[in-house]
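The structure appears right after this line, and notes come after that.
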Number of protein chains: 2
Amino acid sequence: MTHDTRRWEQQISQAGYRVTRQRALVLDAVCAGRGHTTLTEVAGRVRRRDRTVSRSTVYRALHMFVATGVVVQADTGDAEPYYEIARETPHHHLRCRDCGWEGEITADDLSALEETVRDRYGFVVNTDHLVLFGQCAACQSRSQS
Amino acid sequence: MTHDTRRWEQQISQAGYRVTRQRALVLDAVCAGRGHTTLTEVAGRVRRRDRTVSRSTVYRALHMFVATGVVVQADTGDAEPYYEIARETPHHHLRCRDCGWEGEITADDLSALEETVRDRYGFVVNTDHLVLFGQCAACQSRSQS
DNA sequence: GTCGTTGTTGCCAATCTTCGCAACAACCGG
DNA sequence: CCGGTTGTTGCGAAGATTGGCAACAACGAC
């Protein structure tokens, strides 16, 4: 269990949503994916626990959780989007175009960029879960040889 | 016309793809969207010029152009993805969560972040067309009052 | 605990996107 | 210019996602 039950219940009910059995199942299914999951995996896990839950409900619950910030969504662009439980400290992803390797970077790593954007454009960046594409260390040395 | 015909023909044929009438139509349709377009708009423009072009072809052409780097795709996450002709100098987007305002930043603005990531993680960032969410200057002053 | 209000769910239909396949056309070599 | 090879297209089907609606359930008030 990577999420605190009290927390998300309060979070969505403050936003005017109700706490339902189906939504709990969906959130559990997101947690069950170590780190990140795809929609397909979530739907599968929910169905295994309760096959009366409709597919639409999974879609709707996931969207609602993303809208309320309980779950965070990362669009990798070339694959299915990832879902994961939002953590206290936001983080971002690295993804190698060659081998598919994935890494994480902290929000601190973005602070310089955020300052630049604020100074030059007056815009306050507030993004969670960016995905940066590029080439990992291993693939760099491999492609040099 | 925002794209050079010679350029893209060479670019895709070097990648092993063929230059076809349908693909030219799709690319023209992307150009026709000042700056950026959605898939729906592209399909509409293509159909207006030649209603025998199938919907699947538009999907496939767009994917192929993105894969070869002729067209660039920006996933805003909460809306339809944008497509636009790739420029010589890559750029990125800002998007205000409150009013939907959109701005552009240059690739230079990311250089500090790229250095940080390379130093700390040995990862070379190579991302085009990032979308940074946040709050624009106007909405900041409005929400302060 | 019971009731009433109102958001939610499941089902089914509509829509969007992808896939498989046979006919077609781009491109190469002669 | 012509024929052969092979990627591409259009079509119809399959699969994925969204939307409408009536029955249902959460939750606040009593």
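Below, each value reflects all heavy atoms present in this structure, side chains not excepted, and no hydrogens, waters or symmetry copies.
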Kindly list each side-chain donor-acceptor pair under 3.5 angstrom involving residues 56-71 of chain A, sequence neighbours excluded, with atom names and distances?
{"from": "Thr57(A)", "atom 1": "OG1", "to": "Ser54(A)", "atom 2": "OG", "distance (Å)": "3.4"}
{"from": "Thr68(A)", "atom 1": "OG1", "to": "Met64(A)", "atom 2": "O", "distance (Å)": "3.0"}
{"from": "Thr68(A)", "atom 1": "OG1", "to": "Phe65(A)", "atom 2": "O", "distance (Å)": "3.1"}

Inset, instruction - Could you tell me whether a side-chain N or O of Thr38(A) sits under 3.5 Å from a main-chain N or O of Glu80(A), the two making a donor and an acceptor? - result: no
In residues 123-136 of chain B, what donor-acceptor pairs under 3.5 Å come from side-chain atoms, sequence neighbours left out?
{"from": "Thr127(B)", "atom 1": "OG1", "to": "Phe133(A)", "atom 2": "N", "distance (Å)": "2.6"}
{"from": "Thr127(B)", "atom 1": "OG1", "to": "Phe133(A)", "atom 2": "O", "distance (Å)": "3.1"}
{"from": "His129(B)", "atom 1": "NE2", "to": "Glu84(B)", "atom 2": "OE2", "distance (Å)": "3.1"}
{"from": "His129(B)", "atom 1": "NE2", "to": "His93(B)", "atom 2": "NE2", "distance (Å)": "3.0"}
{"from": "Gln135(B)", "atom 1": "NE2", "to": "Asp98(B)", "atom 2": "OD2", "distance (Å)": "2.7"}

Inset, instruction - Select from Val53(B) and Gly16(B) the residue whose nearest nucleotide in DNA chain D is closer to the 5' end of that strand. - result: Gly16(B)
Inset, instruction - May I ask you to verify if any side-chain N or O of Thr57(B) is less than 4.0 angstrom from the OP1 or OP2 atom of dG10(D)? - result: yes
Legend entry - Of all pairs that satisfy salt bridge (Lys or Arg N to Asp or Glu O under 4.0 Å), the ones with a partner from residues 9-19 of chain A, not counting sequence neighbours: none
Legend entry - Distance, rounded to the nearest Å, where Met64(B) contributes CE and dG7(D) contributes C1': 11 Å
Inset, instruction - Check for a donor-acceptor pair, side chain of Gln10(A) on one end and backbone N or O of Arg7(A) on the other, with a separation under 3.5 Å. - result: no
Inset, instruction - Return yes if a side-chain donor-acceptor contact under 3.5 Å exists between Tyr121(B) and Glu104(A), otherwise no. - result: no
Inset, instruction - Quick one, give me the B/S/- string for nucleotides 16-27 of chain D, reading 5' to 3', where B means a protein heavy atom under 4.0 Å from the base and S means that only happens at the primed atoms, P, OP1 or OP2. - result: SSBBB----BBS
Legend entry - Arg47(B) CZ - dC16(C) P separation (whole Å): 12 Å
Inset, instruction - State, to the nearest 10°, the angle formed by the axis through the first five base pairs of the helix from dG1(C)-dC30(D) to dG30(C)-dC1(D) and the axis through its last five. - result: 40°
Legend entry - Exam field: side chain Gln140(B) to backbone Gly122(A), donor-acceptor pair closer than 3.5 Å: yes
Legend entry - Set of salt bridge (Lys or Arg N to Asp or Glu O under 4.0 Å) partners for Arg120(A), sequence neighbours left out: Asp109(B)
